[in-house]
Enquirer: 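Right, I'll just put the structure down here and ask away after.
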There are 2 protein chains.
Amino acid sequence: MNAAERLVESTRELLWERGYTGISPKGIQQRAGVGQGSMYHHFAGKRELALAAIGRTAEETRARAEEQLSGTGTSVERVTAYLRRERDVLRGCPIGRLTQDPEVMADPALREPVDRTLAWLRERLAQVLAEGRERGELDAGLDPWAVAATTVAVLQGGYVLARAAASAQPFDQAVDGVLGLLAAHVRP
Amino acid sequence: MNAAERLVESTRELLWERGYTGISPKGIQQRAGVGQGSMYHHFAGKRELALAAIGRTAEETRARAEEQLSGTGTSVERVTAYLRRERDVLRGCPIGRLTQDPEVMADPALREPVDRTLAWLRERLAQVLAEGRERGELDAGLDPWAVAATTVAVLQGGYVLARAAASAQPFDQAVDGVLGLLAAHVRP
DNA sequence: GTCTATATGACGATAGAC
DNA sequence: GTCTATCGTCATATAGAC
């Protein structure tokens, strides 16, 4: 892996762990094993590195979700596969955590991929749920958009609870809870 | 309000807006309108200020939740009152946001009130739901602990979605979604 | 492309006068 | 109690040699 590539990967890791406000060019260089001059040759500064890093993480996040959501099975089976996918729960969501960073939220270019990824997730889940309703797998009374927002919120909030508790248990409970509630809307 | 009091209040605001990693003694002093010497006379440093500020915010958060959860009405009515309570959605949760701060999570004393508050919320909601089940208001099949975790996660995740979208709409949708799902478990 | 040197300001605190 | 002076370190680059 070349210097530019290592720098972006280090930035991705550090953004995940510490957020934009919590990282420094020096820290990125050290983790990447790249000198100062080299970093400033490839990138204009911390912000340019973050733009590249966040863009890549956003793309990856959408691609991984699409794997489960476009898989086989009923609507509810695909949502379940997405929610129960193996996750590094205590690390949290690398996109969702950026919503808590004041400098990311204040910068339209840094913010855009965060907004877009979470909006896309809600929309994609709403599609899957609407499909399930049309196929008669789910009750007609279910609101796909509301339940989609609930589902994404359970994930994001589950990470918060897990990190606070230093345990994956509350995350798993929250997922169990929403899937249990949803089960009552599956048609026989 | 005296200097010590103003310092704690400024710290509470800044922690909410920027997290522990994102604030500085200087910023706290300026918002409080208090000089450097005065700050270090009343508090040993940034960490001591944060301990006082987080402790107070945690207490207040639990007290405000208890207002709705110990109110009148059925189990589901009280949970609904809590979820639909007026909130400054775009500011997020002053406790939940601290789970994304690496320095808070690394310091047991700073972390404890965060953990305790979110654990208390889950437990209190589970109590309310269990009570509803015992009284026959809710289906016997409902798991109070799982649904409690889901409910708190919907709140915390709702804040994340709202901040990303710069709109309260996804928060409201997520709340509507979980209440809609819960409605199917209310006994006639 | 990568290195070292240098610059400017902020961070987080301590010391001692008033 | 509050003020000003001072301190060592880190943040975020820029400049120019190799």
Side-chain angles (χ1 to χ4, degrees), chain A residues 1-56 97-98 100-111, chain B residues 1-56 97-98 100-111:
Chain A
M1 213 161 40
N2 61 24
E5 195 59 28
R6 285 209 306 282
L7 285 164
V8 173
E9 286 304 313
S10 300
T11 306
R12 296 218 297 153
E13 290 174 21
L14 282 165
L15 280 175
W16 196 351
E17 292 168 22
R18 306 187 49 84
Y20 185 78
T21 303
I23 67 178
S24 69
K26 191 177 183 178
I28 294 169
Q29 294 152 26
Q30 284 175 346
R31 183 168 303 206
V34 162
Q36 191 149 343
S38 182
M39 190 201 101
Y40 282 104
H41 171 75
H42 292 290
F43 296 92
K46 173 178 165 176
R47 182 170 177 275
E48 304 302 313
L49 264 165
L51 278 172
I54 296 175
R56 186 178 295 184
R97 80 107 54 229
L98 297 175
Q100 303 304 325
D101 194 297
E103 299 187 46
V104 171
M105 289 296 99
D107 184 329
L110 291 175
R111 177 190 195 123
Chain B
M1 213 162 39
N2 61 25
E5 195 58 28
R6 285 209 306 283
L7 284 164
V8 173
E9 287 304 312
S10 299
T11 306
R12 297 218 297 152
E13 289 174 20
L14 282 165
L15 280 175
W16 197 350
E17 293 168 21
R18 306 187 48 84
Y20 185 79
T21 303
I23 68 178
S24 68
K26 191 177 183 178
I28 295 168
Q29 293 151 27
Q30 285 176 344
R31 184 168 301 206
V34 162
Q36 192 148 344
S38 182
M39 190 201 100
Y40 281 103
H41 171 75
H42 292 290
F43 296 92
K46 173 178 166 177
R47 182 171 177 274
E48 304 302 313
L49 264 165
L51 278 172
I54 297 176
R56 188 178 294 183
R97 80 107 54 230
L98 297 174
Q100 303 304 325
D101 194 298
E103 299 187 46
V104 170
M105 289 297 100
D107 184 328
L110 291 175
R111 178 192 194 122

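In what follows, chains are A, B, ... by sequence order, proteins preceding strands, each numbered from 1. Keep in mind it's a predicted model, so treat the numbers as computed, not measured.
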Enquirer: Counting C-beta onward and ignoring hydrogens, is there a side-chain heavy-atom pair between L110(A) and E103(A) closer than 4.5 Å?
Expert: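 L110(A) does not reach E103(A) side chain to side chain.
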Enquirer: Taking only residues at least two apart or on different chains, which pairs with a member in residues 22-31 of chain A satisfy side chain to side chain donor-acceptor pair (under 3.5 Å)?
Expert: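 Qualifying pairs, neighbours excluded: E13(A)-R31(A), E17(A)-R31(A).
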Enquirer: In whole Å, what is the span from the CD atom of E48(A) to the P atom of dT12(D)?
Expert: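 Interatomic distance, CD of E48(A) to P of dT12(D): 14 Å.
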Enquirer: Kindly state each residue pair satisfying side chain to side chain donor-acceptor pair (under 3.5 Å) with at least one member in residues 38-55 of chain A, sequence neighbours excluded.
Expert: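 Passing the test, one end in residues 38-55 of chain A: R47(A)-D107(A).
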Enquirer: Given Watson-Crick or G-U pairs with both distances under 3.5 Å, what dot-bracket string fits DNA chain C, with | for other-strand pairs and [ ] for crossing?
Expert: ||||||||||||||||||
Enquirer: Within the pair H41(A) and dC3(C), is there a side-chain N or O less than 4.0 Å away from OP1 or OP2?
Expert: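 Negative; the distance criterion is not met.
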Enquirer: Taking only residues two or more places apart in sequence or in another chain, which ones pass side chain to side chain contact (heavy atoms under 4.5 Å, CB included) with R6(A)?
Expert: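 R6(A) satisfies side chain to side chain contact (heavy atoms under 4.5 Å, CB included) with M1(A), A32(A), V34(A) only.
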Enquirer: Which heavy atom of A53(A) sits nearest a heavy atom of L15(A), and at what distance?
Expert: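 Closest approach of A53(A) to L15(A): CB-CD1, 3.9 Å.
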Enquirer: Can you measure from CG (L98(B)) to CH2 (W16(B)) and round to the nearest 0.5 angstrom?
Expert: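 It is 11.0 Å, given to the nearest 0.5 Å.
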Enquirer: Report all interatomic pairs (protein N or O, nucleotide N or O of nucleotides 11-17 of chain C) with separations under 3.5 Å.
Expert:
from, atom 1, to, atom 2, distance (Å)
dG12(C), OP1, K46(B), NZ, 3.3
dA13(C), OP2, Y40(B), OH, 3.4
dA13(C), OP2, K46(B), N, 3.2
dA13(C), N7, Q36(B), NE2, 3.1
dA13(C), N6, Q36(B), NE2, 2.5

Enquirer: Could you tell me the separation between the CD atom of Q29(B) and the C1' atom of dG1(D), rounded to a whole number of Å?
Expert: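 Value for this atom pair: 14 Å.
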Enquirer: Figure out the CZ/P separation between F43(B) and dT2(D), and round it to whole Å.
Expert: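 To the nearest whole Å, that distance equals 12 Å.
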Enquirer: Could you tell me if the side chain of F43(A) sits less than 4.5 Å from the side chain of T11(A), heavy atoms only?
Expert: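 Side chain of T11(A) against side chain of F43(A), heavy atoms only: no contact under 4.5 Å found.
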Enquirer: Starting from C1' on dA10(C), measure out to CZ on R18(B) and report it in whole angstrom.
Expert: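 Distance check: R18(B) CZ to dA10(C) C1' gives 13 Å.
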Enquirer: Report the distance from atom CG of L14(A) to atom P of dT12(D), rounded to the nearest whole Å.
Expert: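 Atom CG in L14(A) sits about 12 Å away from atom P in dT12(D).
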Enquirer: Taking side chain to side chain donor-acceptor pair (under 3.5 Å) as the definition, give me every residue that meets it alongside E5(A), ordered by chain and number, with sequence neighbours left out.
Expert: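 With neighbours one apart ignored, the set is R56(A).
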